Q: 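Submitted below is the structure of interest, expressed as structure tokens.
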Amino acid sequence: MAAQASGAGLPALEGEGGALLAAVIDNPAGEVGLAVLEEGSCSLLLAQHVETTRTFAHTLSLLELHSPQRLLVVAQAQDCGVARATRRYTQVPVPRGAWDDSTGYVALTKYATAEARARLEAGMLHAAPNGYLAHAAAGALLRWLGDNGLGLVLVGASLAVRQLGAGEAHMAIDPATAEALELIHPIRVGTCSSKLSGASLFRVLNRTKTRCGARLLRASLLQPLRDIPTLNTRYDCVEELMEDGDLCVSVAACLAQLPSDLDKMCGCLTLRPTKSEAGALRRIASMIQSFILLHEVLAVLPPLTAALASACCELLRAVAAAAGHAAFAELGAELESVLEEDVASAKNTFLNRTQQCFAVKKGVDGFLDVARATFCRVTEQVHHLAGRMREQHGLPDMQVRYTAKRGFFFQLGSSAGGGRGRGSCCGQAGRGDGRRKHPRDLLEEEEESAETEAEGHSGPGQDGGRGHGMRGPQQQQAGAVRVPPGFSVLQRTRRAVQVTNPELNALNVRLRDASNDCLVLTEQVLEGVADRIVSTYLPLLHRLVDALSLLDMLHGFAQVASGSPVGQGGKGGAAAPAAAVAAGRGYVRPALTEGGPIALVEARHPVLECLDGGSYQPNDTFLALNSSFHIITGPNMSGKSTYLRQVALCCVMAQVGAFVPAAFASLPPRNRLLSRLGTGDSLETCSSSFLLEMQEVAYILGSATPQSLVLIDELGRATSTADGVGIAWAVSEALLAAGAPTLFATHFAQLSELAAVYPAAKAWHFDVGDVAGRRALDFTWKLHAGSCEAGHYGLLLAAAVGFPEEVLASAHEVVAALDASEEQRVEAYATACSAELGPVYDVVQKLACVAQSFVDGSNDERQLRTAQKQLRRLRAEAEEALAAAREPELPAM
């Protein structure tokens, strides 16, 4: 349950900081308003809902989904309500006067794009009272951003505002369930193979090329869809990408050319740093970076549109239409008139600065050309100085390095390794014709600098991952490098010494001034273009980013289902049917129904089957109206917990649009995934493991419906046997009465007797045997019908690990006495007609399946005749079942 998850919640993606800011407010009626600002895409998410429990589970789920860096709360209500439930986040108290819904709505209309403003106005007309708390949260967020806003300024009419409903379109997964199922991050590190150490469902499915695609995958796993037409559209896209190898390869090539953080091209244009002197360079750099990213994205759109021109499915055609919009050609022409053709984003410090200085074409601004000439001249003087120092002091291996903090410096003692011949000197390396070298030519040198610097900063006793690269005399020489006179030591590392001298310091000052001049003049050229982009093209760019993110995620699903290695989009040549490709990998397209059963044939755990060595044992699942409650028994390590997680992960994969690891899969979309998995206590709240267990079960009982999926693993094990059995039995009866599909794993053999009392309860077990001649357990990990026949497998395990014989004998005596007292309970609880009701439930379920075929639109003549035959057969079965149920019991002779 969300309220009981310990720690700081699910972390964001590696290298991602989550949302920039969020604001939350509640009222005494249990209503909660939430606003979340995403910095990368510059979008504002609004949500308002009613919390049915005091734990604020849905609010915590939304916050876990976005992982805000700061959370604004009402200052006067920090010790109660939603503010108290969200203390795990970095809270910022805001006075209550800032939480005004009218002021918030005015601020939203000011900063929202034209399309978002129209939706807001329509929402106020049709459902004015339903969003006032969300508007209050948005008002507090925008006001705080303007007053204290982290050095950022939001451009008017640039915010993509998106409203989220109360969860009708998504499956609700609380943070504790997401953590227990390892949807995003693994709980245990080191339990997996060396290749996939610490694997999770996200890491198995993540074949995305862009960060926005990975963020969409993360959000989809935490909030799976429920809309069947939307999911079928995603299945069609995945299926076509699997069938058409040429299309898959072309799409993969286009996605690989996109910048990984392409959504930042919108965020940096709209959410700009303030124009204070301290933040000037950051503001200019973010704007120029937006232009560079936009230039790269627009260059990929024509080949992507051409690749998708032959697509058949509706979703791929929609992506092609979004990428081929005529406005992007106009925008590309406008950018070409200003930007250099070869401008591209870079990862290292010096090239970032160089790209910022040389992004605008030569001749657009004369003063900018002069400043850039100074920048190049100073850069060359630095490398000429390095060449002179090499000759003067006899240091042939001295290299030139650069960092944003220090500027240029010299590095002594590192292995030459090819660095000198490829760019250790700007005026000499790579070019012997004496021409002036462009600063962009330092790319290889800077990449090598980053690697060498990372190695040099490894701590004592470590090799930084490359200790084998320097051996023998070279390694000894690095520890005692000679520093010539006139040099100042900046830092000593394990392999090298970083030095400078007064002449180099003077050149660094001149270089810094020249680069600042370039940035200021570049900003003056691009600022007007940025304003035109925001006012004209921003909504189209938002839709383009969404479309490319979805395409990136679904292309990854196709790779997973077809078994393609990471980074490959498939194989060209003759097309193979998607069903055949998926069957070779063991993945199948799910069949979604409105009210049918959860049917999984030979399903597998999508994460565990990726481990090295051995084959995974598949198992079947059938949760229907006549078998909604499955009691699963078996010894420890037999696979009960893994089976529960396997079913849940298959349902989640089906509801995000991915194929499922099974031979057959049919299921109705679930509205909520409820679980009580794992064990542990909470020292922060002074709660024992049993108290947390009871709180989680109370939440499940209050939320379970026939449209939910409930997973319970070993309920009642943290208390006495009598209390545990009683609670587990009562909870089972409550879930049976609610009709919620439930998988209940337990060590209490008494719960298997529920199958004799309730026809909808079915007993299953994982088989285990005592190996002859060896006191050991033989695990098959195969699910079988009926109660566990292994007897007291705890005693078998105790004997296998070497318990003393006298202790085992005493334990057998106690177990025999307890077994004698258990035989009376079945007679007391079992009903006389329980055996007869089973066939009746089977007939009812079959009738429901036949009715479902008509709901799905399967009404052609051949299928109608088949349905008539099934109905006649079911009528005969129903008559036999009812006759058996009404037959009076014969008197005993």
Side-chain angles (χ1 to χ4, degrees), residues 1-9 52-57 60-61 84-85 87-88 173-182 187-188 629-638 640-645 648 672-704 708-738 740 742-754 788 792-794 797-798 811 814-815 818 822 825:
M1 189 173 62
Q4 305 303 333
S6 61
T52 58
T53 65
R54 292 176 295 176
T55 59
F56 296 92
L60 291 174
S61 298
R84 182 176 182 178
R87 284 180 176 176
R88 67 183 68 171
I173 303 178
D174 59 82
T177 298
E179 182 180 0
L181 295 177
E182 299 178 301
I187 298 177
R188 300 168 302 275
F629 192 89
H630 288 190
I631 307 119
I632 304 168
T633 57
N636 298 98
M637 302 178 294
S638 61
K640 301 187 302 297
S641 301
T642 300
Y643 173 73
L644 266 60
R645 289 169 169 83
R672 190 179 293 272
L673 185 57
L674 302 168
S675 74
R676 203 236 64 79
L677 301 171
T679 183
D681 50 21
S682 176
L683 298 178
E684 295 83 358
T685 59
C686 297
S687 301
S688 65
S689 58
F690 181 66
L691 176 59
L692 296 180
E693 187 175 320
M694 293 300 98
Q695 290 175 335
E696 293 177 352
V697 173
Y699 175 72
I700 291 174
L701 294 178
S703 306
S708 306
L709 176 61
V710 181
L711 310 174
I712 297 181
D713 190 9
E714 298 187 25
L715 176 63
R717 61 181 170 180
T719 185
S720 65
T721 302
D723 290 349
V725 173
I727 292 173
W729 188 285
V731 170
S732 300
E733 289 183 325
L735 293 174
L736 279 164
T742 304
L743 298 177
F744 197 111
T746 182
H747 284 290
F748 296 140
Q750 300 92 327
L751 295 184
S752 298
E753 299 164 8
L754 284 166
C788 185
H792 299 287
Y793 44 78
L797 182 60
V814 175
V815 167
L818 293 175
E822 290 291 329
R825 192 153 51 86

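Keep in mind it's a predicted model, so treat the numbers as computed, not measured. What you see below is based on every heavy atom in this structure, not just the backbone, and it leaves out hydrogens, waters and symmetry mates.
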Q: Hey, is the main chain of Ile632 close enough, under 3.5 Å, to the side chain of Lys640 for a donor-acceptor pair?
A: no
Q: Considering residues at least two apart in sequence or located in another chain, which fulfil the salt bridge (Lys or Arg N to Asp or Glu O under 4.0 Å) criterion with Arg87?
A: Asp79
Q: Please assess Ile727 against Val697 for the test side chain to side chain contact (heavy atoms under 4.5 Å, CB included), listing each intermediate value before the final yes or no.
A: CA-CA 10 Å; Ile727 292 173; Val697 173; 5.8 Å; no
Q: With no hydrogens and no angle check, is any side-chain donor or acceptor of Thr177 less than 3.5 Å from a backbone partner on Ile173?
A: no
Q: Minimum heavy-atom separation for Leu715 and Ala728, please, with both atom names.
A: CD2-CA, 3.9 Å
Q: Between the side chain of Thr746 and the main-chain N/O of Phe748, is any donor-acceptor distance below 3.5 Å?
A: yes
Q: How long is the span from the OG1 atom in Thr719 to the CZ atom in Phe690, to the nearest 0.5 Å?
A: 4.5 Å
Q: Enter the distance from Arg84:CZ to Phe56:CZ here, rounded to the nearest 0.5 Å.
A: 10.5 Å
Q: Knowing that exactly one of Leu644, Asp713, Ile712 qualifies, which makes a side chain to side chain contact (heavy atoms under 4.5 Å, CB included) with Leu743?
A: Leu644
Q: When rounded to the nearest 0.5 angstrom, what is the spacing between CG in Leu709 and OG1 in Thr742?
A: 7.5 Å
Q: What's the shortest heavy-atom distance between Leu60 and Ala85, and which atoms?
A: CD2-O, 3.6 Å
Q: Please report the shortest heavy-atom distance between Arg672 and Tyr699, naming the atom on each side.
A: NH1-OH, 3.2 Å
Q: Roughly how far, to the nearest 0.5 Å, is the CD1 atom of Ile631 from the CD atom of Gln750?
A: 12.0 Å
Q: Check Thr633, Asn636, Thr721 against His747 for a side chain to side chain contact (heavy atoms under 4.5 Å, CB included) and give me the one that passes.
A: Asn636
Q: Rounded to the nearest 0.5 Å, what's the gap from CD1 on Ile700 to CG on Asp174? Could you check?
A: 8.5 Å
Q: How far apart are the closest heavy atoms of Ser703 and Ser708, and which atoms are they?
A: O-OG, 3.9 Å
Q: Going by side chain to side chain contact (heavy atoms under 4.5 Å, CB included), Arg676 matches just one of Gln695, Met694, Glu693. Which one?
A: Glu693
